[in-house]
**Student:** 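Quick one: structure below, then a few questions.
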Amino acid sequence: MEAKGIKGFKDILPDDIKKWHFLEETAKEVFENAGYSEIRVPIMEFTEIFSRSIGEDTDIVEKEMYTFQDKSGRSITLRPEGTASIVRAYIEHGLHADPQPTRLYYLGPMFRYERPQAGRYRQFYQIGVEALGIDEPLLDAEVIMMLWHLFERLKLNYLELQLNSLGCKNCRPLYIKTLRNYLTDKLPLLCPDCKKRYEVNPLRVLDCKREQCINAVANVPGIFDSLCPSCKKHFDEVKGYLRELSIPFVVNQKIVRGLDYYTKTTFEVISEKLGAQNAVAAGGRYDGLVKDLGGPPTPGIGFAIGVERTISLFKNTPPEQKPLIFLASLGNSGQAFSMKLARQMRDAGIKVELGYGDSLKSQMRKADKSGTGYVLIIGDEEIKKGSAILRNMRTKSQENIPFGSVFETVTKRLRPEAQPEGLSDNI
RNA sequence: GUGAGCGUAGCUCAAUCGGCAGAGCACUGGACUGUGGCUCCAGUGGUUGAGGGUUCGAUCCCCUUCGCUCACCCCA
């Protein structure tokens, strides 16, 4: 047998994990400071949860879901996105009875059966936010502000916020009708895919990258002319708040989103530093979704951040936070003593690494690579003398420390080292 | 699902016209009996992705297959 993982499923090795922690911890702090609480939901749901919310005719539901039958014969699906599960939990546990909005965030793996490429995996991670129960444009702006604030905290530059409105249950069908009428003449000009989209979801034609289709829709009527007065007002107010907040955005009428549940405000944050898959975060309002999944009519808005894509923009690795003491020991009694000492120091919250290797030389080499500032050397000789050697790895100076005061001295020495370097700008 | 490019040591890559599979990094040890980085020396590490064909001889040419990567599609 060959040790080989599944296509599109990646290991995250220790060298990379600091970046993950940095993103996760920063996001957690930003969201919790805004009143959001973490929610953890299962990574599988009954298939209907996804097919009903995302939409039967979407690519995700049609061809990208990991779906199987469990032993009872029920159809189960590995979640391709987070919102549906969160909304299901919101309904199932009656969270609408809490003061609204209900503010939730989540993080974890999503699964889509697609051909992997740069920035696209079959198991990928999202950090997402949902705010349910309020339909005011102020909330749209706050959610977008929070997302933008997070990227600022991560020191990511070269990002662009794109904004659109897809209208509501009332005005979107009108626009689709207008669009389809317009496209009827152009039908022969469209690519085969778009001919299909014309039938199923004409909005997606706007999204097509083929030159023939871009030309065909060059003078297409925009959706803003079809928005009903309340959707138009909503969108104008969201834009107004964002200007007030000095959050730069561009309106892009072509962001359409591949999930059917979106209404009104949709947005996307893209980076020119990524490859073809350039969205690092995306989201929007979904005012009909709670009702569609069997709950009370409830508006909602949220976004999801692509973790791998965001991390790939990090230029430098966040520095190690915690100083370390390295114990190099020789001989049976030295090793036993070191082990006991390690236990005590760890119990007091100090990070302690034990050296392994026959010679002191090899342990010193490992100590050097561990990045420690100090090494405590304890061999059989030191046991006899009743004192340990504390070596400062930077200055190379050494001092003898009687066993009785080892703990105290190490604690003192480690403290001034506890100054992490500042994080410089990412890309 | 479609297309293109690439598979040689743990990693990054060489190998002339088809002629003994190599280097750097990393790892381990030594120079320095119990003291790291720098330097020097040595060692470990290979079914050249797999299978078949052509050939006296294949990492190299041909076929098949698997894998990886990028792009289309779609999306975070």
**Student:** Under the rule for side-chain hydrogen bond (donor to acceptor under 3.5 Å, both in side chains), what residues qualify as partners of K291(A), not counting sequence neighbours?
**Tutor:** none
**Student:** My understanding is that a pair needs two contacts under 3.5 Å, Watson-Crick or G-U wobble. By that rule, which nucleotide pairs with rC61(B)?
**Tutor:** rG53(B)
**Student:** At under 4.0 Å between heavy atoms, what does A367(A) touch on the DNA or RNA strands: base, sugar-phosphate, or nothing?
**Tutor:** nothing
**Student:** So that I know where these two stand, are F22(A) and F314(A) an aromatic pair - ring centroids less than 6.0 Å apart?
**Tutor:** yes
**Student:** Looking across every strand, which nucleic acid part, if any, lies under 4.0 Å from G275(A) by heavy atom: base, sugar-phosphate, or nothing?
**Tutor:** sugar-phosphate
**Student:** Report yes if a side-chain nitrogen or oxygen of K4(A) is closer than 4.0 Å to either non-bridging phosphate oxygen (OP1 or OP2) of rC68(B); otherwise report no.
**Tutor:** yes
**Student:** Using a 4.0 Å heavy-atom cut-off, does E381(A) contact any base of the nucleic acid, only the sugar-phosphate backbone, or nothing at all?
**Tutor:** base
**Student:** Please state whether the phosphate of rU2(B), meaning OP1 or OP2, lies under 4.0 angstrom from any side-chain nitrogen or oxygen of K63(A).
**Tutor:** no
**Student:** Once hydrogens and angles are ignored, does a donor-acceptor distance under 3.5 Å link the base of rU35(B) to the side chain of Q398(A)?
**Tutor:** yes
**Student:** Determine the contact category for E62(A): base if any of its heavy atoms lies under 4.0 Å from a base atom, sugar-phosphate if only primed atoms, P, OP1 or OP2 are that close, otherwise nothing.
**Tutor:** nothing
**Student:** Checking T77(A) against T67(A) for the side-chain hydrogen bond (donor to acceptor under 3.5 Å, both in side chains) test, could you report, in this order, the C-alpha distance in whole Å, the side-chain angles of both residues, the deciding distance, and whether it holds?
**Tutor:** CA-CA 4 Å; T77(A) 294; T67(A) 296; 2.8 Å; yes
**Student:** Using a heavy-atom cut-off of 4.0 Å across all strands, would you classify I389(A) as base, sugar-phosphate, or nothing?
**Tutor:** base
